[in-house]
Structures are given as C-alpha cells and as structure tokens.
Amino acid sequence: MLDPKNLFQNLERARTKLAQRRSNVDLGQFEQLYQKRLDAIRTFEENRALQNRLSQDFKKVARDPEAGPRMREELKVLSDRIRELEKEAAAAEAAINEFLLFVPNLPHDSVPVGESEADNVVVRVVGEPKKLDFEAKPHWEVGQRVGVLDLETAAKVSGARFALYRGYGVYLELGLARFMLDVARESGYEPILPPYMVLRESMMGTGQLPKFEEEAFKTDDLYLIPTAEVPVTNMHRDEILDGERLPIRYVAYSSCFRREAGAAGRDTRGITRVHQFQKVELVKFATPETSYDELEKLVGNAEEVLKRLELPYRVSALSTGDIGFSAAKCYDIEVWLPGQNTYREISSCSNFEDFQARRAGIRYRPAGDPKGKPRFVHTLNGSGLAIGRTIVALLENGQQADGSVVLPEALVPYVGVRVLEPR
RNA sequence: GGAGAGAUGGCCGAGUGGACUAAGGCGCUUGACUCGAAAUCAAGUGACCCGGUGACGGGUCCGGGGGUUCGAAUCCCUCUCUCUCCGCCA
C-alpha cells in the first residue's frame, strides 16, 4: 500500500509512475476521498475536544436540580452529533484504505521504462547455452524416460496441471530442497517451514488480495499459499522490530498452490506450470537505506544455486510494464532449457520497499536510537529456487544421447546418484 | 467436540463508571556519585492521526467489532486468539 499522505502530496509523480506501469487507477478519486477525510477528522476532533471539556464541567453541576438536567440535555445533543461525525471520519478513512488496496506499487527510478516483457533488460548472462550434439528433448520426455516423472498418472489422480514424481524423482525433489536450504543458510538465512494455509489477513498483507482473488485456492476460510513469501513475510505482521536485528533473512521451503487463471493454453505440457509445486524462498526484512543493496545480494544468493548446479542462466531487470503489483523493482532469473531452446523463468527477486510493510504493519526502530520513531521496513523476496523448474532444467541440460541424465556433482550427496539411467 | 480461565504500553502487572491525563516494577535513555564500573539516587521513556516551519496544541488507541451512558480499560452483546482440564486423533 502506498503512503496516503505522501501520495496526496505527490500526486503528479504518482500519476507518471502509474502510467509507466500501465495502471488505470484514477487518482482524482483518491484526492477527493483524502480531502474529505481531512475535513471529517478536523470537525470530529474539534467537537470531541469540546465534549471532553464540557464533560468535566458537567461533573460539578450534575447534582444541581436546575442546571444538571439542562446541561445533560445539551451534552446529549453534542454526543449524538459527535457519534455521527466519528462515523463520517471512519467511513472516509475506510474508503481511502479500500481504494489504496487496489493501487499497485510505484516502480523505482532504476526500473527500465517499457510496455511489456519485451522491454525487460538483460543485465548479465552466465554460462553458455548448452549445445547438444543430438536433438534435445523436452523435460517431459526425458523425465518419463528415466522414470522420475509420471504425468499421465498425475492427470489421472488430480487432473490437468499436476506433477507426480517417482523413484529418483522424489530424491531429486527433496534433495534439491535440502541443497537450496543449505546454500542459503551459508549466507545467513534462517530456515523456516511455514504453514501452507494462511488467514485472509496474511494474503492481504503481502498483496495477493484483494485484487487477485481468482488466482488463489481457498478452503472455507483459509487460503492455500501461492508462495512461502506469504506466511514468512507475515511472521512479523504488526510488529516493531529492533533495528539491530536487520536485515532479517529467512529461507523457507513450502509447496505453492496456484490456479494459474488466465494461463489456459500456456505451458500445457510438462511441469513448467502446475497447480502445486515446491519452492525454496528467500525473504528479507531490511532498512530503506540498504534494501537495494540487499536486493542485489538476494539475487546473488539465488544465482549461487544455479552456479553450483552448473546451469546456464541470465538475469533480467523487469520493465515497468512487466513488474508485479506489489514490487518496486524486480529481477527475473531465467535458466537455459535446451529441450525448448529458450530461457525460462526460474526465480523472481523483488524489492517491495514499504508496500507490503505498510499493509502488514511491519516496522522497526532504528538501531542505536531507542527514542527514534518506528519506520516501515522494506521487504524483499525471491525464489531460491523453484524446485520443479530446477528439475526441468536439470533434465534438459543433463540429458545424454543414450537417454540417460547426468546430474551435477554438487547434487550427488543429496540425490545419491550421478546418473539417472533410462528404463 | 465439552467445561473453565484469560487478553492492559518493549516485557511483567494493578485497575469494576468521572483526577486513568493507565499505578507499580523490569528494561531502556540521560544526569548525579566514581579514576572507571557496579550498586545507589534523580529525571525521562508508547503508537497513530490532525494543525503548526518549530517549540507545542488537539484527538484516537487497554485483543477485534457493536451497544448502554452526558462520560467506558471498567457495564452489556458478539467475534477472534491464548492457557488449563476432559474427549478424539497423526
């Protein structure tokens, strides 16, 4: 959520920024609501102050048979009026919050201005896209052949867009999770295994709701998490953190559940886009002064996994037209997939600045200043990495002419074998 | 699922209608004492909103929401969560 006061004072700048990200939000409406709120609060407070004073006076004459009842009548009129004014002020406040929940974050000045993902800027390419001396197959064929993926059975059990791992596929999945957790912990992240179901409040806090209701799976009153970002960021909801503790780093393993609404026809084959997948997620809470440095480090932490897995990849800065609702800046890491002859997103790392912190009420008291005002933290997160897509990359990059798959050295202790043999 | 108890500032904890403008303690900050420290003493220590360049002034907040009242931390209704006991379960 944007800061209402700040927004009110910088409407033109916000209009420009929102236009860059192709938002059709009408800030004129906000301006009106905000002005209305100011007026309502002022009137209410003036009357309340008066009431507080008169109430004290009333105590002195309450028992007077003449003045007592008369003043009580007067105060009752004032009391009724104040009740109305209070409702008005509260309604104005609520209207503003309601409105702001649908306003996306403003892109940071360093974000490339553009219309769409075509305007994303590649900032570095690491490793050579692998050239195979035979015809590369897509992961669903490779995985089926070595017996780690069974998509027909997945469809039989759960319908379209599900993955079923079997045999070494299970060890690959769990081994990668453990591997990624270990890599992150080396860099100071505390491992977390969060609940997979969260309150509506938590989904609001990180910005999935209310705007993207149709993307989420839900039970009676709980939502299945679309990413561990939701439970982990909300761990500190409505808290004032000690500035000494920042940056706080968590690495979480969880399943993720997504409807993939609007993705009909895209990535229908394989496990690139499924309703349930596992992911290791990096989450940080940082001060505003350091959050952009922390973003670079976080991207580096995610890249470290790919480097150790010997997978070629590139990093792109998303343009204003492609950036997510809550993000101020976002990098995508895309891994090379020879079987599909393309780079494919495997991680998305964002700085949300105080957008989520404001929604979720996550503040900190600046270090070394016990009397300092609490300030909103900056929240960041990024995949480190999406496990299903990592398996896709390992299968496609490691495939051999004979149908086997050679895994990177670093994974051997985690999976138990170096080569997956065709069945 | 049944029965009971509870939710107050960073923490502990008092508070059953008007001086609560939330006691007291812990913690923290500053000062005094000290060569320095500890101990001791003294003062200060919440969040948010509105107005003001500022000093400051005003308002709201005692788990959430609603109600009674001239006036609510305090009385009533309701919801949520926590704890204890019983039942059930991995």
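Order of the sequence lines sets the chain letters (A, B, ...), proteins ahead of strands, with each chain counted from 1.
In Arg200(A), the CZ atom is crowded: over 12 heavy atoms of neighbouring residues, nucleotides or ligands sit closer than 6.0 Å. Applying the 6.0 Å contact sphere to NZ of Lys36(A) captures no more than 12 heavy atoms from other residues, nucleotides or ligands. Annotation for Glu214(A): atom CD counts as buried by contact number, over 12 foreign heavy atoms lying within 6.0 Å.
Between Pro374(A) and Phe44(A), the one whose closest nucleotide on RNA chain B sits nearer the 5' end is Pro374(A).
Ion pairing between Asp150(A) and Lys156(A) fails under the 4.0 Å rule for side-chain N and carboxylate O.
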Quiz item: Could you write nucleotides 49-58 of chain B as a row of B, S and -, 5' to 3', where a protein heavy atom under 4.0 Å of any base atom gives B, of only sugar-phosphate atoms gives S, and otherwise -?
Solution: BSS------B
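Both tests pass for Arg37(A) against the ring of Tyr34(A): distance under 6.0 Å to the centre and angle within 45° of the axis.
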Might you list the N or O atoms of the protein lying below 3.5 Å from N or O atoms in nucleotides 67-77 of chain B, with each pair's distance?
residue, atom, partner, partner atom, Å
C70(B), OP2, Lys76(A), NZ, 3.1
C70(B), O3', Ser79(A), OG, 3.3
G71(B), OP1, Ser79(A), OG, 2.6

Practice problem: Start with the C-alpha distance between His275(A) and Phe257(A), add both sets of side-chain angles, then the distance that settles ring pair (Phe, Tyr, Trp, His ring centres under 6.0 Å), and finish with yes or no. | Solution: CA-CA 5 Å; His275(A) 289 313; Phe257(A) 304 91; 10.0 Å; no
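The separation of C77(B) from G25(B), taken at their P atoms, amounts to 36 Å, rounded to a whole angstrom.
In secondary-structure terms, RNA chain B builds stems of at least 3 consecutive Watson-Crick or G-U pairs, each pair having both distances under 3.5 Å, at B:1-7 with B:80-86, B:10-12 with B:24-26, B:27-32 with B:40-45, B:46-51 with B:56-61, B:63-67 with B:75-79.
When only modelled atom types and interatomic distance are considered, Tyr250(A) and Glu281(A) share no side-chain donor-acceptor pair under 3.5 Å.
The interatomic distance linking Met1(A) (CE) with C48(B) (P) rounds to 14 Å, in whole Å. The distance between atom CZ of Arg245(A) and atom C1' of G10(B), rounded to the nearest whole Å, is 13 Å. Between Arg365(A) atom CZ and U45(B) atom P the separation is 14 Å, expressed in whole Å. When the C1' atom of C48(B) is taken as reference, atom CD1 of Ile240(A) falls 10 Å away, rounded to whole Å. The NE2 atom of His236(A) sits 16 Å away from the C1' atom of G10(B) (whole-angstrom rounding). In this structure, CD of Glu244(A) is placed 14 Å from C1' of G10(B), rounded to the nearest angstrom.
The backbone N or O of Glu115(A) sits less than 3.5 Å from a side-chain atom of Arg22(A), completing a donor-acceptor pair.
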Pairs of donor and acceptor atoms involving the side chains of residues 415-423 of chain A, under 3.5 Å and at least two apart or interchain, shall be tabulated with distances.
residue, atom, partner, partner atom, Å
Arg418(A), NE, Leu407(A), O, 2.5
Arg418(A), NH1, Glu409(A), OE1, 2.9
Arg418(A), NH2, Leu407(A), O, 3.3

Show me the donor-acceptor pairs, under 3.5 Å and distance only, between side chains in residues 45-55 of chain A and residues at least two apart or in other chains.
residue, atom, partner, partner atom, Å
Asn47(A), ND2, Thr43(A), O, 2.9
Arg48(A), NH1, Gln51(A), OE1, 2.8

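Residue pairs meeting the salt bridge (charged side-chain N to carboxylate O under 4.0 Å, His left out) criterion with at least one member in residues 251-264 of chain A, sequence neighbours excluded: Glu260(A)-Arg273(A).
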